[in-house]
Protein chains: 2
Amino acid sequence: MRVTIEDVAIKAKVSVNTVSRALNGKDGVSEKTREKIIRIAQEMNYRPNILARSMRQNRSDFVGVSVLDIGNSVFTKMIKGIEKVLMDDSLSIIIGNSDEDVDKERHYLETMLSTNCRGIIISHVNSSGLKFLRHERIPFVVLDRDTQKFECDQVYVDNNKMGYLATKHLLDLGHRDIVFINKESEFDTDHRRRVEGYLQALNEHGLQNMAHVYSCLDAEQGKKTVQEIWKKETQPTGIVIGQHSVAEGVIMMLTQLRIKIPTELSVVIIGEPSWASILTPGFTTIERPLELVGSKAAKLLLDRTQGKIKGDYISYVVSSSLVVRESTGPPPG
Amino acid sequence: MRVTIEDVAIKAKVSVNTVSRALNGKDGVSEKTREKIIRIAQEMNYRPNILARSMRQNRSDFVGVSVLDIGNSVFTKMIKGIEKVLMDDSLSIIIGNSDEDVDKERHYLETMLSTNCRGIIISHVNSSGLKFLRHERIPFVVLDRDTQKFECDQVYVDNNKMGYLATKHLLDLGHRDIVFINKESEFDTDHRRRVEGYLQALNEHGLQNMAHVYSCLDAEQGKKTVQEIWKKETQPTGIVIGQHSVAEGVIMMLTQLRIKIPTELSVVIIGEPSWASILTPGFTTIERPLELVGSKAAKLLLDRTQGKIKGDYISYVVSSSLVVRESTGPPPG
DNA sequence: CTGAAAGCGCTAACAG
DNA sequence: CTGTTAGCGCTTTCAG
């Protein structure tokens, strides 16, 4: 059996109450007694049972974090940001990996609730999870996902702006024929926003009739899309790729077709593939400050649970940034 | 306030005890009462407080997982394997991110212990963390790290074999002048083992005097090492790079120097950089089955905590595998 | 088959 | 300044 507060009390010849106060730095204990108790507690290697404390205080030191894929570094970078903030408040993270599965997500949310956690940070599968949390009246913050019509605290990156920035960069370089290769996914509207940003940038240049959007589910379809485009009579001079996994396929096929980047074709990738800076040429990207998204979300949740923020839901919109590398240049000719 | 077992008991007009038994599927409740209780519990949206349960049963449903860097996908892939196994037993993961900092690791280990967790899976910073856990008599399994002389349950990949496989592959292709570019780190002996595998392979071919090992702390030093090597009179025809981040620097510099892969130089990377398959040429790698390492570790921990395994510590050694892509071929000439 | 009561380890309220 | 007592929500005796 582990050492309990009572064991310490007996050894120190005081009441458990006094031990509790001494160890928690509360008033009502003489310095002498406090020191003695702290010394004895250390000697006995006493470690408070935080489950018991949580029970008594009716709130636990856990925060739930549910993500779509724990194996994806996009999420773990955000978790890193979360972790840094929560660490300062001695809060622990309970991880849930939904694998983009509604039932699995629900399972983890239930578990988190069962631990009486302070709140939940979630990158949700679809709105059902959020509705559940709302119904359970637990504070939560949505991470880097568009909640559509569902109002709640959230921190996200302006996806529209990502598409806009990428397209604008190519337009500024003089490109007029720019294609957007989109990542299509069932629930996610974030990618649609990127397309909207693309369209908006074209519109501003009066090029709305030059818009060409292709949608791909994965890298494989990215390859096929490139083949398809290069079978046509004329080819674009610029491509914006909406997401990294699709980009992998696109780049592979472009390389196979021996299309020269950036002399024949300029390429911008939305996202932060780890290989963007390693490839030759390095790829121009639109990157999100992932750790910042995580830390902002954690702070927002803490402020909410601590009552520092009350009332209306808050949306923090974090900016993405254009990182120019070698895959973009002026159009040929 | 959340719905408690007592609320359900009152509504169902039975004792809390009966509710507990009914909901936990224990005997001593008539089917009729059980059904009624289950129905009422659902209606009331009752959810057991697992903290209270844990207190009473004196064991919690948590498992601690401490890793060196949560932002690194190597670890999160292992976590994914862990998660899949623990999910089946309805256990929750408490994450600790040590950031390779002994104090931070210790902090998280203490927290995990405070939750009365079943056990801990850890990729440790150095042996002090392990000694602490041993002293606390908590079951733990070490993840993908060489514990050196410290005996304990562990699951790891044979690092020696990784170095051996990489070198052997080049030797089989006919290379004789093979350089090893090593990742050097303060605590980690895993990379040293990879060097040993390299040396062993050379020895088997009577090439021990051809061994050249360079050590780098990071990508930057990887670049410099390449410059250094290519200033010499003769250059190797094959390179084994011990780790992915060093590899990034090495590859960048090789590209800058316009060294043709694989015609002039063959390259094998130990590890699983995400870009290995995307680059042209794709890089031949020695890869670890990371999810498997995680799931094996989780199973081992469960077996240990459940008493299915008793006595001596177990080391599972998982095999790595050679993935041949385009960066390796016969030596020039 | 069911209920009453004890108690897990801790903190908060109240008393001295 | 310190101690006594109650109780967080649950499961586990022990009685009926």
Side-chain angles (χ1 to χ4, degrees), chain A residues 1-38 40-41 44-62 90 92 110-118, chain B residues 1-38 40-41 44-62 90 92 110-118:
Chain A
M1 224 30 252
R2 286 257 290 287
V3 179
T4 73
I5 197 170
E6 198 178 351
D7 300 330
V8 178
I10 291 170
K11 193 130 186 183
K13 292 187 180 116
V14 291
S15 72
V16 286
N17 188 344
T18 309
V19 176
S20 173
R21 279 190 299 231
L23 262 29
N24 289 312
K26 302 207 170 166
D27 311 341
V29 193
S30 71
E31 262 328 293
K32 212 177 117 201
T33 328
R34 188 190 300 277
E35 277 167 24
K36 179 178 158 205
I37 290 173
I38 289 176
I40 290 178
M44 298 180 77
N45 196 23
Y46 168 71
R47 182 171 306 114
N49 180 330
I50 64 176
L51 262 39
R53 172 189 291 157
S54 297
M55 276 219 57
R56 184 60 241 241
Q57 296 185 330
N58 218 353
R59 69 161 200 189
S60 79
D61 291 329
F62 297 119
S90 287
S92 298
E110 301 244 16
T111 310
M112 290 169 187
L113 287 168
S114 294
T115 68
N116 244 325
C117 66
R118 298 259 182 110
Chain B
M1 226 28 253
R2 285 257 289 289
V3 179
T4 72
I5 198 170
E6 198 178 352
D7 300 329
V8 178
I10 291 168
K11 194 128 184 185
K13 293 190 179 109
V14 291
S15 72
V16 286
N17 187 343
T18 309
V19 177
S20 172
R21 278 189 300 230
L23 261 29
N24 289 314
K26 301 206 171 166
D27 310 343
V29 192
S30 71
E31 260 329 294
K32 212 176 115 200
T33 330
R34 186 189 300 278
E35 277 167 25
K36 178 178 155 203
I37 290 173
I38 290 176
I40 290 178
M44 299 180 76
N45 196 24
Y46 168 71
R47 181 171 308 112
N49 180 329
I50 64 176
L51 263 40
R53 172 189 291 156
S54 297
M55 276 218 56
R56 185 58 239 242
Q57 297 185 331
N58 218 353
R59 70 161 200 191
S60 79
D61 291 330
F62 297 119
S90 286
S92 297
E110 301 244 16
T111 310
M112 290 169 186
L113 287 168
S114 293
T115 68
N116 244 324
C117 67
R118 299 258 182 110

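Every chain is numbered from 1 and lettered A, B, ... according to where its sequence line falls, protein lines coming before strand lines.
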Inset, instruction - Figure out the CD/P separation between A/Glu35 and D/dC1, and round it to whole Å. - result: 13 Å
Inset, instruction - Could you please name the option among D/dC1, C/dC10, D/dT11 that lies closest to any side-chain atom of A/Ser30? - result: D/dC1
Inset, instruction - Please figure out whether A/Pro48 or B/Thr18 has its closest DNA chain C nucleotide nearer the 5' end. - result: B/Thr18
Inset, instruction - Can you measure from CD1 (A/Ile38) to OG1 (A/Thr33) and round to the nearest 0.5 angstrom? - result: 10.5 Å
Legend entry - Any donor-acceptor N/O pair, B/Ser60 side chain to B/Ser54 backbone, under 3.5 Å: no
Inset, instruction - Using atom CG of A/Leu23 as one end and atom P of C/dG9 as the other, report the distance to the nearest whole Å. - result: 16 Å
Which atoms of nucleotides 14-16 of chain C (N or O only) lie under 3.5 Å from a protein N or O atom, and what are those distances?
none

Legend entry - Of the listed nucleotides C/dA12, D/dG9, C/dA4, the one nearest the side chain of B/Ser15: C/dA4
Legend entry - Backbone of B/Lys26 reached by a side-chain donor or acceptor of B/Arg34 within 3.5 Å: yes
Legend entry - Euclidean distance, A/Thr111 OG1 relative to B/Phe62 CZ, rounded to 0.5 Å: 9.0 Å
Inset, instruction - Would you mind reading off the distance between B/Ile10 atom CD1 and C/dG3 atom P, rounded to a whole angstrom? - result: 13 Å
Inset, instruction - Mind calculating the distance between CD (B/Gln57) and P (C/dG9) to the nearest angstrom? - result: 14 Å
Inset, instruction - Among the candidates D/dG3, D/dT12, C/dT11, find the nucleotide nearest to the side-chain atoms of A/Arg53. - result: C/dT11
Legend entry - OP1 or OP2 of D/dT12 under 4.0 Å from side-chain N/O of B/Ser20: no
Legend entry - N/O donor-acceptor pair under 3.5 Å between B/Ser114 side chain and B/Glu110 backbone: yes
Legend entry - Whole-Å gap separating P (C/dC10) and CG (A/Asp61): 14 Å
Legend entry - Presence of A/Lys13 side-chain N/O under 4.0 Å of D/dT2 phosphate oxygens OP1/OP2: no
Legend entry - B/Glu6 CD to D/dG7 P, straight-line distance once rounded to whole Å: 11 Å
Inset, instruction - Please report, rounded to the nearest Å, how far the C1' atom of C/dA12 is from the NZ atom of A/Lys26. - result: 8 Å
Inset, instruction - Calculate, to the nearest 0.5 Å, the distance between atoms CG and CZ belonging to A/Leu51 and B/Arg56 respectively. - result: 14.5 Å
Legend entry - A/Ser15 OG to A/Arg21 CZ distance, which is reported to the nearest 0.5 Å: 6.5 Å
Legend entry - Nucleotide D/dT11, atom P - distance to CE of B/Met55 in whole Å: 13 Å
Legend entry - Residue pair B/Arg53, B/Asn24: steps toward the side-chain contact (heavy atoms from CB on, under 4.5 Å) verdict: CA-CA 11 Å; B/Arg53 172 189 291 156; B/Asn24 289 314; 3.8 Å; yes
Legend entry - Degree of bending in the helix from C/dC1-D/dG16 to C/dG16-D/dC1 once both end axes are built from five pairs, to 10°: 50°
Inset, instruction - Sort out for me which residue in A/Ile10, A/Ile5, A/Asp7, A/Thr4 forms a side-chain contact (heavy atoms from CB on, under 4.5 Å) with A/Val19. - result: A/Ile5
Inset, instruction - For the side chain of B/Asn58, starting at C-beta, report the closest nucleotide among C/dG9, D/dC1, C/dT2. - result: C/dG9
Legend entry - Enclosure of B/Glu6 CD (heavy-atom neighbours >12, cutoff 6.0 Å): no
